[in-house]
Amino acid sequence: MWSPSLLTGARTEEARPLTWLHVDLDGELNSDPPVPPSIEVWSSVRDGGDTKTKKSRRTLALPLRAIAAFQRQQVKQAQQRAQAGDKWQELGLVFTSAVGTELDAANVRRSFRRVIKAAGLNPDEWTPRELRHSFVSLLSDGGVSLEAIADLCGHAGTSVTEKVYRKQLRPVLLTGAIAMDRIFPGTGERA
């Protein structure tokens, strides 16, 4: 769950009910226009099963690392299904318990803490939501516009994206310097 969440910005409450029917690992790259591999983030574990906002219902193209992570999940799940035998409950979910049932929030937090601890970080300082913050910050640092990032996150505007999720200042600092160099071209003088 962790790689796809980091690489797509999907909330964990959106990843938990994700079904394989809403995952397209092949796309239709030869169609016109081409359709990339994607996930359909159309539901959530929130009351009523709907996403957090109407804008949160979205289809996200998958980067290559996310495709590979989903493929590994398919293999892992097939192994779990075989080990569980008659105990397996086929619900079509992508991320499941060892017997195919939906993960609850406590399962997700425990699993995330194990990963964080294995990475040498303090599990008390990290939550699964940090993946979404990292997604936003990495895209912002990579030069992606706040508007595009807000769309990917399912935010109605850029305010939450910028004030809550973006955790670095580098693009802001660079923007000012780049603008000043454009306004005052040349190398300048030493003081």
Side-chain angles (χ1 to χ4, degrees), residues 1-27 34-74 76 93-96 102-105 107-116 119 121 123 125-172 174-175:
M1 175 181 293
W2 311 126
S3 292
S5 290
L6 172 66
L7 296 167
T8 65
R11 298 171 177 93
T12 57
E13 67 256 24
E14 296 168 337
R16 286 170 41 209
L18 184 65
T19 66
W20 286 112
L21 290 174
H22 291 107
V23 177
D24 177 0
L25 297 180
D26 299 316
V35 177
S38 61
I39 59 171
E40 297 167 339
V41 180
W42 290 359
S43 63
S44 175
V45 293
R46 296 176 161 296
D47 287 339
D50 207 358
T51 54
K52 188 171 182 180
T53 66
K54 288 183 187 220
K55 182 100 179 193
S56 294
R57 189 175 176 150
R58 61 212 187 277
T59 299
L60 300 168
L62 294 173
L64 294 174
R65 285 183 185 266
I67 294 168
F70 278 111
Q71 290 169 335
R72 286 190 304 273
Q73 179 63 15
Q74 285 177 321
K76 176 184 172 188
L93 296 169
V94 174
F95 304 107
T96 65
E102 187 174 325
L103 298 172
D104 65 22
N107 296 127
V108 170
R109 284 190 302 273
R110 268 192 306 277
S111 172
F112 188 73
R113 281 195 289 269
R114 282 193 299 271
V115 170
I116 292 301
L121 300 170
E125 295 177 356
W126 290 80
T127 66
R129 184 177 298 265
E130 303 298 332
L131 297 172
R132 196 161 158 86
H133 289 264
S134 296
F135 172 79
V136 169
S137 297
L138 289 167
L139 288 182
S140 180
D141 195 48
V144 177
S145 73
L146 275 175
E147 292 81 9
I149 298 169
D151 284 343
L152 291 169
C153 289
H155 293 156
T158 61
S159 180
V160 170
T161 309
E162 183 174 21
K163 294 176 181 164
V164 175
Y165 286 97
R166 190 169 71 172
K167 299 296 182 193
Q168 41 73 30
L169 297 174
R170 185 171 170 234
V172 175
L174 287 176
T175 301

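From a predicted model like this one, the values you see are computed outputs, not experimental measurements.
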TODO: Would you mind reporting whether Val136 and His133 have side-chain heavy atoms less than 4.5 Å apart?
DONE: no

Task: Rounded distance (nearest 0.5 Å) linking atom CG of Leu60 with atom OG of Ser38 - done: 8.0 Å

Open item on the list: Run the ring-ring contact (aromatic ring centres under 6.0 Å, His included) test against Phe135 and tell me which residues pass, sequence neighbours left out.
Closed with: none

Task: Min side-chain heavy-atom separation Asp24-Asp26 under 4.5 Å - done: yes

Open item on the list: Please report the interatomic distance CD(Glu147) to CD1(Ile149), rounded to the nearest 0.5 Å.
Closed with: 9.0 Å

TODO: Taking all non-hydrogen atoms of both residues into account, name the closest pair between Val108 and Pro128 and its distance.
DONE: CG1-CG, 4.0 Å

Open item on the list: Val115: which residues meet the side chain to side chain contact (heavy atoms under 4.5 Å, CB included) condition with it, sequence neighbours left out?
Closed with: Trp2

Task: Contact summary for Arg16 and Leu103, nearest pair of heavy atoms - done: NE-O, 2.8 Å

Open item on the list: Between Ser134 (side chain only) and Glu130 (backbone N and O only), is there a donor and an acceptor less than 3.5 Å apart?
Closed with: yes

TODO: Could you grab the distance from atom CZ of Arg110 to atom CG of Asp104, nearest 0.5 Å is fine?
DONE: 6.5 Å

Open item on the list: I want to check something: taking the side chain as every heavy atom from C-beta on, are Phe70 and Pro37 in contact at a cut-off of under 4.5 Å?
Closed with: no

- [ ] Verify, without hydrogens or angle tests, whether Arg58 (side chain) and Leu152 (backbone) share a donor-acceptor contact under 3.5 angstrom.
- [x] yes

Task: Heavy-atom side-chain contact between Ile39 and Pro4 under 4.5 Å - done: no

Open item on the list: Set out, in order, the CA-CA distance, both residues' side-chain angles and the distance that settles side chain to side chain contact (heavy atoms under 4.5 Å, CB included) for Gln73 and Met1, then state yes or no.
Closed with: CA-CA 8 Å; Gln73 179 63 15; Met1 175 181 293; over 6 Å; no

Open item on the list: Show the nearest heavy-atom pair for residues Pro63 and Leu7, with the distance to one decimal.
Closed with: CG-O, 3.7 Å

Task: Flag side-chain contact, heavy atom, 4.5 Å: Thr12 against Phe112 - done: no

Open item on the list: For Gln71 versus Leu25, what's the shortest heavy-atom pair and its separation?
Closed with: CG-CD1, 3.9 Å

- [ ] Kindly indicate whether the side chain of Ser3, heavy atoms from C-beta on, has any atom under 4.5 Å from the side chain of Arg65.
- [x] no

Task: For Ala61, side chain to side chain contact (heavy atoms under 4.5 Å, CB included) partners two or more places apart - done: Pro36

